[in-house]
Every structure is written in structure tokens, then in C-alpha cells.
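Below is one structure, written out as C-alpha cells, with a few remarks after it.
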Amino acid sequence: MRKRQILAAGLFGCLALTAGILLTVVWFVKEQKTISAAFMEPVQLELCLLHSDQPGTKEQVTGLLPGESLDWKPAVILNGTSPGACIRVSLEFGGILGDFPEESEEEEHDRLERIQELCAGIRFCDGWVEGEDGYYYYQEAVAPGSIVQICDQVTIPEDWDNEIAEKLFTIEVSAEAIHLDGREAWF
């Protein structure tokens, strides 16, 4: 009987030791979690049109004929207090080139074709590349206080006819930026 008590006490001790080791391992693993926290500075962008005589944010041009070009110089300005960033822009078309819910498939096809024709006539400045997602990406990191010109010219497609004459279309530029510090660049 004494041997049974010793055997039971030994077995109980082994179980207690095993439980203690497991609890220690679980506690050690649990305590190894790390918490990562970062403070991200906001990136501040502005869009503008570059003019030699006067700065502006909106411009309306009338009287253009098919095949004519006009100077169009939208630019992105990264605020001087912002951190370095990567930038991208998108173009949204409105007026007669805008999306209409009631348009037929043929009208939609014609509208999208006109947008492609107009996009082919937009001359982007060096450093901009069109992505598969429709955005245009600037291929260099932008330093605080920098002005990055996006385009310098738009040419009206030569085959646009009287169907488009005296109708309004718009090109709206939107810009986005991603803080470079600790992030993967878009390019």
C-alpha cells in the first residue's frame, strides 16, 4: 500500500510539473506579443493650374475646333510641411462625356470611345505612367514643397464633329498621396 501511495504521489507530481511547464510556455508565448504603433503625419496636397500671369483652380475654354491644342497645365503641390510622398492622379470626365444612367449601350460605347480619343490627346509630363487601374502614377518620390506638373497640353480629336459642337465637357483631376515613411511606394 505504501508503494501505491508513493507511486500516486510521484504520478501526481509529474502531472503537476507537466502542467506547470505548459502554463509557463503558454504565459511566455502570450507575453511575447508586441504592439506596433506609429504616428503618421498627414500628407497635404493641392491641385492648381500653372499660369505665368495668374494662378487659378478652374478654367473654361470655348471655341475650340477639332485638331486644336490648348495649353493645360494642372499640377500637384505637396505642402512644405508634409512628409515626402508618392502621388497619383485620376481624370474624371463630365458634361457630354459624363456617365448618364439612362444612356443606351450604344450611347455608352460612343461616350467611352470619345473619352479614349480625348485621353490620347492629353500630353502627360515626364515621370507619369498610366496604371492598369486607371490612375496615373508619378514615378518618383515627391519632396515636401514640390510642384509636380501633370500635363501640359490637350488636343481635341480631329474626328470630333458637329454632334459635339457647342457642347460642354469637363476634365476633373483628382490627386492622392501616400506617405513614404514605412510604406511601400506605388511605383
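Bear in mind the structure is a predicted one, so any value in this text is a computation, not a measurement.
With sequence neighbours excluded, the residues satisfying side chain to side chain contact (heavy atoms under 4.5 Å, CB included) with Gln149 are Leu50, Lys73, Cys125, Asp152. With sequence neighbours excluded, no residue forms a side chain to side chain contact (heavy atoms under 4.5 Å, CB included) with Gln116. Legend: residues meeting ring pair (Phe, Tyr, Trp, His ring centres under 6.0 Å) with Phe124, ordered by chain and number and at least two apart, are Tyr136. Annotation: side-chain hydrogen bond (donor to acceptor under 3.5 Å, both in side chains) contacts of Gln153 (sequence neighbours excluded): Ser69, Arg123, Thr155. Listed by chain and number, the residues in a side chain to side chain contact (heavy atoms under 4.5 Å, CB included) with Leu97 are Phe93, Arg114, Ile115, Leu118, Trp160, Phe169 (sequence neighbours excluded). Residues satisfying the ring pair (Phe, Tyr, Trp, His ring centres under 6.0 Å) criterion with Tyr135, sequence neighbours excluded, are absent altogether.
Here the CD-CG distance, from Glu113 to Asp110, works out to 6.5 Å after rounding to the nearest 0.5 Å. With rounding to the nearest 0.5 Å, the separation of SG in Cys119 from CG in Leu112 is 10.5 Å. How far CD of Glu158 is from CD of Glu68: 11.0 Å, rounded to the nearest 0.5 Å.
Considering every non-hydrogen atom in both Pro144 and Gly80, the closest pair reads CB-O, 3.5 Å. The two atoms that bring Ala143 and Ser146 nearest to each other are O-OG, 2.8 Å, heavy atoms only. Nearest approach of Leu78 to Pro83, heavy atoms of both residues: CD2-O, 3.6 Å. Between Gly95 and Thr170, the closest heavy-atom pair is N-OG1, 3.9 Å.
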Inset, instruction - Could you go through the side-chain contact (heavy atoms from CB on, under 4.5 Å) check for Ile156 and Leu65 one step at a time? - result: CA-CA 7 Å; Ile156 305 302; Leu65 297 173; over 6 Å; no
Inset, instruction - I would like to know whether Val76 and Ile147 meet side-chain contact (heavy atoms from CB on, under 4.5 Å); could you show each step before the answer? - result: CA-CA 6 Å; Val76 177; Ile147 298 174; over 6 Å; no
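With hydrophobic clusters built from ILVMFWY side chains whose heavy atoms lie under 4.5 angstrom apart, Leu168 does not share a cluster with Ile171. Criterion: ILVMFWY side-chain heavy atoms under 4.5 Å apart, direct or through other members. Under it, Val129 and Val89 are not part of a common hydrophobic cluster. If you chain together hydrophobic residues whose side chains sit under 4.5 Å apart, Trp72 and Ile96 fall into the same group.
For residues 124-133, every residue pair satisfying the side chain to side chain donor-acceptor pair (under 3.5 Å) rule, not counting sequence neighbours, is listed here: Asp133-Tyr137. Pairs passing the side chain to side chain donor-acceptor pair (under 3.5 Å) check and including a residue from residues 89-99, sequence neighbours excluded, read Asp99-Arg111.
Side chains of Asp159 and Glu117 form a contact here, defined as non-hydrogen atoms less than 4.5 Å apart.
Residue Glu107 qualifies as enclosed at atom CD: its count of foreign heavy atoms under 6.0 Å is above 12.
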